[in-house]
Student: 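Take a look at this one; I'll ask things after.
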Amino acid sequence: MSISPFQSNAEIISHEDVRTSGTYGKRGIAIVRGLGATLWDADGTQYIDCVGGQGAANLGHAHPAVVAAIQHQATQLISCPEIFHNDQRAAYLDELGAALPAGMGRLFLCNSGTEAVESALKFARLHTGRTQIVAAMRAFHGRTMGALSATYEPKYREPFEPLIPGVTHVPYDKIVALAAAVSDQTAAVILEPVQGEGGVRPASPGYLAAAAEICRQHGALLLVDEVQTGFGRTGSLFAVSQDGVTPDVLIMAKSMAGGVPMGAIAIHESLGGFTPASHGSTFGGNPLACAAGRAALKALIDDDLPAHAARKGQYIMEYLNERQLSKVREVRGRGLLIGIELKERVQPTLVALMERGVLALPAGPNVLRLLPPLVISDAEIDQALAIICEVLT
Ligand SMILES: *Cc1c(COP(=O)(O)O)cnc(C)c1O
């Protein structure tokens, strides 16, 4: 048993702050326990969770099926590199394959979103023999050098330049601008169905389908980054199915394995897969993550959580729109990926919400982002909404 040596927020914070890298701007509480959409700090204060593990906790905290799968698999086998076959991996590939859009038949397993994006970029170079990538302004694809090259935010990119060459950024959701940027030199176009970190911006209906057609005309691949939108978040298991689009590569991570670190790409079967030894990962496809992934996927489907996301998200957006809150410019989103654009900076609102028992996220300087677990109850939603309205009036 890993009994905590600490009793309070203050104790934990003082220890953590001595050795932490310094890259994170942390909030002044220490979260030690969770259940569903409820979190507790070390002082025993309870919160409604609208952070959802930054997108990794679609199933809620301590989901019993995920807990049981992890506990059992830990007694069987935790690590098993892909030089061997494994029962949990084989079952997960079957089950995930069956849940993906038809044709997305080749899977590469890794451990995080940025790693999945790297895998997709490498596959695009390998498959097309080209190096040019077209991404969108305000896009977020991760922090490692390849994924960072496709990420837009200058303050994330500029300290690390030169990044990989050949990446251009076009305005998001603008078909004409995309068509003008893609050529016979383009290896791939990479897009999010809803831009998450970039301010919660859903693409218009038809945009992804147009992107797929533009790619097809030029022999470029369409890489759809569903790291944040996937696994039920926007009202369907994957957002691309709402657009009727089958990507060449679908990029996944965050809630894939019920909160256990995992990422993946699914490659369309018409493209084959990686050539031997062209890519790899030590932890990729490990049995613990695969067992958690199986339990998470089954629970998402059995409990109909994508439909919950659609209904609850629509309720929240209608509720906020009806109130005409004085500090709010616009409410937008899809499913339970919700952005509330404010007329002022979001930071003070995040603090005020936390003081009243609601944890939420920013998405850029002036957007409040709600990303609750899809299992959040109607009562918790109403409680959180009452507090949000109080703070935004
Ligand atoms: C979070 C995110 C990533 C990066 O995932 P990490 O696991 O943090 O590396 C990539 N793309 C999108 C759309 C994301 O939201």
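As the structure lists them, so they are numbered: ligands from 1, and atoms in each ligand from 1.
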Student: Might you point out which heavy atoms bring Ala135 and Ala150 nearest each other, and give the distance in Å?
Tutor: CB-O, 3.5 Å
Student: Near Ser112, which atoms of ligand 1 are under 4.0 Å from a heavy atom of that residue?
Tutor: 7 (O)
Student: Would Glu115 count as being in polar contact with ligand 1, using the rule that some N or O on each side must be under 3.5 angstrom apart?
Tutor: no
Student: Starting from atom 7 (O) of ligand 1, what is the nearest protein heavy atom, named by residue and atom, and what distance separates them?
Tutor: Gly113 N, 2.8 Å
Student: For ligand 1, which atoms sit closer than 4.0 Å to a heavy atom of Gln228?
Tutor: 15 (O)
Student: Specify the protein heavy atom at minimum distance from atom 2 (C) of ligand 1: its residue, its atom name, and the distance to 0.1 Å.
Tutor: Lys254 NZ, 2.6 Å
Student: Does Arg157 make a cation-pi contact with Tyr152, if we ask for NZ or CZ under 6.0 Å from the ring centre and within 45° of the axis?
Tutor: no
Student: Under 4.0 Å from any heavy atom of Thr114, which atoms of ligand 1 are there?
Tutor: 4 (C), 5 (O), 6 (P), 9 (O)
Student: Do any pairs count as a ring pair (Phe, Tyr, Trp, His ring centres under 6.0 Å) and have a residue in residues 188-218, sequence neighbours left out, and if so which ones?
Tutor: Tyr172-Tyr207
Student: Show every ring pair (Phe, Tyr, Trp, His ring centres under 6.0 Å) that has at least one partner inside residues 74-126, sequence neighbours left out.
Tutor: Phe108-Phe274, Phe108-His279, Phe123-His127, Phe123-Phe274
Student: More than 12 heavy atoms of other residues, nucleotides or ligands under 6.0 Å from CZ of Phe6: is that the case?
Tutor: yes
Student: Tell me if the CZ atom of Arg106 is crowded by more than 12 foreign heavy atoms within 6.0 Å.
Tutor: no
Student: Short list, please: which atoms of ligand 1 are under 4.0 Å from a heavy atom of Glu192?
Tutor: 13 (C)
Student: What is the closest protein heavy atom to atom 11 (N) of ligand 1, and at what distance does it sit?
Tutor: Asp225 OD2, 2.7 Å
